[in-house]
Number of protein chains: 2
Amino acid sequence: MQTALATAGLPPVFSTSLPGRALPLSTEARPGHRRTVAAEAEIFAEGDRAGSFYKVVSGVVRTYRLLADGRRQIDAFHLPGDIFGLEAGAEHRFNAEAVTEAQLEVHRREPRALAGDDGALAREVVASMMRGLERAQDHMMLLGRKSARERIATFLLTMARRMACGGTALELPMSRTDMADHLGLTVESVSRAVTQLERDGLIALPPNRRMVVLRDMVALADLSE
Amino acid sequence: MQTALATAGLPPVFSTSLPGRALPLSTEARPGHRRTVAAEAEIFAEGDRAGSFYKVVSGVVRTYRLLADGRRQIDAFHLPGDIFGLEAGAEHRFNAEAVTEAQLEVHRREPRALAGDDGALAREVVASMMRGLERAQDHMMLLGRKSARERIATFLLTMARRMACGGTALELPMSRTDMADHLGLTVESVSRAVTQLERDGLIALPPNRRMVVLRDMVALADLSE
DNA sequence: CGTCAATTTGACGGCTATCAAAGTACGTGG
DNA sequence: CCACGTACTTTGATAGCCGTCAAATTGACG
């Protein structure tokens, strides 16, 4: 819903007819074909020719980069409706892997594919880029200036909002290690911060460690500032 | 130059006719007017109506956000040719201030302004967004995974490239505090890391503290990985 | 030459990383 | 249905990098 509002009043190139990630994907009469990838499977790697980009239909995808010594930074988790893998250059600058089993819509990066269809896909792509940029900006604030505790609180709230889990319980699709590499922390720090939030009563942790119940949204929001 | 290459082979919406930031700005017959702002002057603030966006003609601009307690994150420094202040929503999500005295091209965010002119401005804007996203992605790696020393090395190389200072000497337009708030460090850490790089012979620091001479590009590049 | 802001340097503490090990969930096979 | 094994997560102990607080130094400018 915030997507529709976010693009209100924008000129055509910046508005999108795609209101949100949960809606039926407008794939009718479009050249994009489907592809299903298993959990942990590679979708593309850094340096691969960037002939296609992708839209998540179901499941979750991570895109990341590595430093020479193996340090990993996951720049984003892509949820249903999100577009990823679109590059300005000829090659992919990231690696992309499925976090869970995922269904993808594959689009060739060609003029006619985007120009056609009355420009609907092109506008959707631009809107998606815009959202990606906003998320990247929010994430820079997190990485540059927030404490471990604040990072976890922010991350949980963001995931809860994006996954639109009606209630306050959410099932994180990714491991603690993935969270760490997204939040600029180590696994241990993530674990400690999560535990601490539970001790303080801001969240609850069911036996299944992928599950989190947000108990005090106000306090969590305060931590995200 | 890398901009032209970077967008090669892209469909119209992703390519730009604007090869680089140093070229004469294509303002002929366009609705954008000029505005000059003094150093340290505010251009817009978070929450302002985002009726316009800007293109730097000369000088340098910083965009940043604040946490409730005053922690600041400068998401980007905008150099001549860069576009900033374009929002998906109705309000600015950032503050923008001039780092040095700057000349700006102001563009109203309206359908006809972008749609007209054969779409040249629109394409330029999209290309600029793309570059902004790539820079944000690079910066997330820096903020999430690099040490203070590595951050400084990366920053210096990036600025040298962007400012296209023919040689190896560059004059940083911003203060150490600005660098710190961009790199997710404190002023003291920036100062220490810079001093350390000088001790190790990777850079030289003329008396004027805004000046830096890159002495060992290879070692600096290694640090940036 | 004096003033002032910016930068650097120093001492110290804290937050997070690192290294190590124990605990826990879950799938497999008996 | 339960024992077992494995991967993931948590917890513990310690170290190190960077932040904090404080003061000295430097360079710019009048």
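Residue numbers start from 1 in every chain, and the chains themselves are labelled A, B, ... in the order their sequence lines are given, proteins ahead of strands. It should be emphasised that the depicted structure is a prediction, and the values quoted were computed from it without experimental measurement.
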**Request:** Quickly work out the A/Q196 CD to D/dG12 C1' distance and round it to whole Å.
**Result:** 15 Å
**Prompt:** Taking NZ, NE, NH1 and NH2 as the nitrogens, is one of them in A/R162 or A/D82 under 4.0 Å from a carboxylate oxygen of the other?
**Reply:** yes
**Asked** Could you state the CE-P distance from B/M179 to D/dG19, rounded to the nearest angstrom?
**Response** 13 Å
**Asked** Should B/R145 and A/R72 be marked as a side chain to side chain contact (heavy atoms under 4.5 Å, CB included) after you check the CA-CA gap, both sets of side-chain angles, and the distance that decides it?
**Response** CA-CA 7 Å; B/R145 288 302 179 214; A/R72 182 176 71 154; 5.6 Å; no
**Request:** Please report the closest heavy-atom contact between B/A98 and B/A38, naming both atoms and the distance.
**Result:** CB-O, 3.3 Å
**Fill in**
Letter by letter from the 5' end, nucleotides 1-9 of chain C scores (B base, S sugar-phosphate only, - none; protein heavy atoms under 4.0 Å) ------SBB
**Message:** Output the rounded distance in Å from CG (A/N208) to C1' (C/dG27).
**Reply:** 14 Å
**Asked** Should we count CZ of B/R215 as having more than 12 external heavy atoms under 6.0 Å?
**Response** no
**Fill in**
Whole-Å distance, B/L185 CG to C/dC15 P, equals 18 Å
**Request:** Could you check how far CE of A/M211 sits from P of D/dT9, rounded to whole Å?
**Result:** 15 Å
**Prompt:** Sub-3.5 Å donor-acceptor pair from the side chain of A/K146 to the main-chain atoms of A/M141, do we have one?
**Reply:** no
**Asked** Whole-Å distance between C/dA17 P and A/D69 CG?
**Response** 15 Å
**Message:** Can a donor-acceptor pair be found, under 3.5 Å and without considering hydrogens, that links the side chain of A/R109 to the backbone of A/E87?
**Reply:** yes
**Prompt:** Is B/V61 close to B/Y54 at the side-chain level, that is, under 4.5 Å between some pair of heavy atoms?
**Reply:** no
**Near-strand residues of residues 137-157 of chain A, defined as heavy-atom separation under 4.0 angstrom from DNA chain C** = A/S147, A/A148
**Request:** Begin from the C-alpha positions of A/R93 and B/Q137 and carry the test side chain to side chain donor-acceptor pair (under 3.5 Å) through to its verdict.
**Result:** CA-CA 10 Å; A/R93 306 170 66 243; B/Q137 290 164 341; 2.7 Å; yes
